[in-house]
Amino acid sequence: MYHRISEPDLDPWGLSVSPDHFAEQLEVINKYFHPLSMQEFLVHVQRGSVPNRSIVVTFDDGYVDNLQHARPLLTRFDVPATIFLVTEAIVEGQNFWWDELEWALLQPGTLPDWLELRVSGSRYEWQLGDAQQYSLQERQADRQRRPWNSIPGTRLAFFYLVWQCLLELSNPKRLEAVDAIRTWAGVSNNSRPGDRALSKNEVNVLGEGGLIELGAHTMTHPSLKGLSASQQMKEISGSKAQLENIIGHPVTSFSYPHGEYSVETMEFVQRTGFQGACTTAFKCVMPGADPFQLPRFQIDDWSGEEFLRHLARWYALS
Ligand SMILES: [Zn+2]
């Protein structure tokens with residue numbers, strides 16, 4: 001499971017692999033493994049005969065660097081991939097909300113001492129204390145730290161608290177909140193252009209030649225298991241319809257945002273006409289696996305050598 005092929009100066013969620021490391025990783029896949037698209041893989045799973053050392057490369061979300069950096073390298077090493085797209089971000093040409101939030105809250109400098117959010121009748125409040133200040137050195141140090149491991153009272157910890165709060169909101173309320181936070185922080189709304197989602201046109205270019213399969217990842221990237229049945233259905237079938245409308249052919253692969261789903265979610269995904277869905281459970285797909293619960297390993301910014309070491313362990317190769 002990949003997200004981005006890029007080198008941002010800060011990457012709190014660890015979503016990026018550099019183009020150089022991605023090239024090294026693809027070389028390893030090409031040399032020692034049997035790369036398949038998700039569709040090919042599912043056919044093998046159904047037959048109960050998956051080729052030895054099969055590997056499926058997937059990307060979640062649909063960042064523009066998937067076209068700029070990933071596609072040329074996938075083509076060079078002849079490795080197929082399946083890219084799961086957040087369709088509303090593509091239709092609307094939006095940046096993802098978590099990047100907007102990072103842009104507003106994780107810039108070096110001083111923020112006001114407290115943040116109050118009023119979102120459609122609810123009120124949230126944070127006192128920043130020491131988190132008001134954020135030096136360049138702290139930001140540098142945070143390159144090695146994940147938000148869930150942040151030190152309480154720091155800017156990164158504050159960012160994580162706000163992120164957790166926004167995650168619980170509905171998409172319109174979340175966007176309203178991000179807007180209010182941007183104004184509060186005094187930042188403009190044109191964040192790093194490299195952070196944006198693919199456009200409709202770019203999605204079609206990405207799919208040209210058939211090496212890359214396009215899959216759906218909901219319309220707005222909610223945690224599905226927390227939604228009502230009708231909201232889940234809307235997110236799942238809506239993303240399929242939007243993507244099919246953009247690319248003009250059936251979309252049959254899905255991945256659950258945040259890796260979160262319930263039994264009901266799986267039923268909806270199956271009923272909508274998808275043939276398989278990926279989770280974020282950290283393990284290999286074993287014989288007899290449920291095609292609607294395919295686990296994946298997140299790949300970090302590893303060199304080819306480190307990547308091979310991890311794969312060898314996961315595949316129990318000697
Ligand atoms: Zn995602």
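Whatever order the structure lists ligands and atoms in, that order sets their numbers, starting from 1.
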Next item on the list: Take Glu88 and Thr220, measure what side-chain hydrogen bond (donor to acceptor under 3.5 Å, both in side chains) needs, and give me the verdict at the end.
Entry: CA-CA 6 Å; Glu88 196 86 331; Thr220 70; over 6 Å; no
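Every salt bridge (charged side-chain N to carboxylate O under 4.0 Å, His left out) that Arg196 has, sequence neighbours left out, goes to Glu202. Residues satisfying the side chain to side chain donor-acceptor pair (under 3.5 Å) test with His3, not counting sequence neighbours, are none.
In this structure, Trp184 contributes its side chain and Trp114 its backbone to a donor-acceptor pair below 3.5 Å.
Here salt bridge (charged side-chain N to carboxylate O under 4.0 Å, His left out) pairs that include residues 242-259, with residues two or more places apart or in two chains, are Lys240-Glu244.
Excluding waters, the count of protein N/O/S atoms less than 2.8 Å from the Zn ion (ligand 1) comes to 3.
Aromatic ring centres of Phe282 and Trp314: separated by under 6.0 Å.
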